[in-house]
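One structure below.
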Number of protein chains: 2
Amino acid sequence: MSPTATRTELSILKHLWSGNRMSAREVHDAVSTETGWSYSTTRTLLTRMEEKGLVAKADVHGVAVYAPALSRVTVLGALARELTRDVFDIKGALPASMFADSPHLTGDELAELDAILNAEGSNSKDGDEKQ
Amino acid sequence: MSPTATRTELSILKHLWSGNRMSAREVHDAVSTETGWSYSTTRTLLTRMEEKGLVAKADVHGVAVYAPALSRVTVLGALARELTRDVFDIKGALPASMFADSPHLTGDELAELDAILNAEGSNSKDGDEKQ
DNA sequence: CGATTGACGCTACATTTGTAGCATATTAGC
DNA sequence: GCTAATATGCTACAAATGTAGCGTCAATCG
């Protein structure tokens, strides 16, 4: 089962999902304004996220760059699903359209999200998972 | 700002929202099947939740009974709002209808939820908050 | 080539969360 | 009244989270 991201970790993923891989410094510059974290904090988070399998680290010319290991859709889907299903007992069709207004989700992603939201119990859809 | 409930705490709130106030024992009997917690655990959670202002403790004939301090709608709204707004940048109208299928939400509650989801920044709606 | 700057790898530490046990005060039955 | 369940009040403790600093090595600027 996909690892769960905490609020703080989501702050980072949010930026990583923007597209290109980012170095710790870049991630920091991006999130620091909204978070106020010290560079060390950003780096610690990034490291833990890699251990948890939330991000993938690569080496580009000597510097480490990070990329999300899970797509925005997957994470959003897992969170929404857990919330609605487990906590609020919403059964059956959970419309992915509820996120249709997000400027980040494309039509394809919405379709994917729909699949996640309405998948039955076993999340054995062990296909590759990335960007 | 309303205190935030963790996943485990939500498991308890879920049952408390069922209607009547419950004693620790009752809450435990209700959640233990799904959680497997020991009675102590349930009680610890309840105590912390009271400190955090998530539940209200009352004394009925000597026994402590708990009631949710925040309505299901308020909590759901806060969670959904945070998720969509802060993390997924979904702006503007966030349809409360996305939760329309929950067997727990009445029309009035949906209206309330809608208000929460689409309220502007300042959550200075310091009105009473209860069941 | 020496001093400076940034990236990395570790270590640190206070809180919060998840989970639970123990001792004592009570209450309900014999 | 005495004993057996219970409810309460504390204490415990490991893991996860939030936040950050230090020392070192390598690339860079003079």
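Proteins come first, then strands; the chains are lettered A, B, ... in the order of their sequence lines, and each starts at number 1. Excluded from the calculations below are hydrogen atoms, water molecules and symmetry mates; all remaining heavy atoms, backbone and side chain alike, are included.
- Closest of all the heavy-atom pairs between Val27(B) and Met22(B) is CG2-CB, 3.6 Å.
- Side chain of Glu26(A) to main chain of Ser23(A): a donor-acceptor pair is present (N/O by atom type, distance under 3.5 Å, no hydrogens or angles).
- Using a 4.0 Å cutoff to heavy atoms of chain B, the contacted part of DNA chain D runs 5' to 3' from dA7(D) to dA12(D).
- The CG atom of Leu79(A) sits 6.0 Å away from the CG atom of Leu10(A) when rounded to the nearest 0.5 Å.
- Donor-acceptor pairing under 3.5 Å is lacking for the side chains of Ser38(B) and Ser40(B).
- Across all strands, Thr47(A) comes closer than 4.0 Å to no nucleic acid atom at all (heavy-atom distances).
- Using a 4.0 Å heavy-atom distance criterion, Ala64(A) is classed as a sugar-phosphate-only contact.
- Within the nucleic acid shown, Ser23(B) has no heavy atom closer than 4.0 Å to any nucleic acid atom.
- Each of Lys52(A) and Val63(B) was assigned the nucleotide of DNA chain D with the nearest heavy atom; the assignment lying further toward the 5' end belongs to Val63(B).
- In terms of heavy atoms, Tyr66(B) sits closest to Lys57(B) at OH-CD, 3.4 Å.
- Here the closest heavy-atom approach between residue Pro68(B) and residue Leu13(B) is recorded as CB-CD2, 4.1 Å.
- In this structure, Thr47(B) contributes its side chain and Arg43(B) its backbone to a donor-acceptor pair below 3.5 Å.
- Here Arg25(A) lies in heavy-atom contact (under 4.0 Å) with sugar-phosphate atoms only.
- For the residue pair Ser71(A) and Thr74(A), a side-chain donor N or O sits within less than 3.5 Å of a side-chain acceptor on the partner.
- Residue Thr8(A) is classed as a sugar-phosphate contact, given heavy-atom separations below 4.0 Å to backbone atoms only.
- Chain A approaches DNA chain C within less than 4.0 angstrom (heavy atoms of the protein), and the contacting nucleotides run 5' to 3' from dG6(C) to dA12(C).
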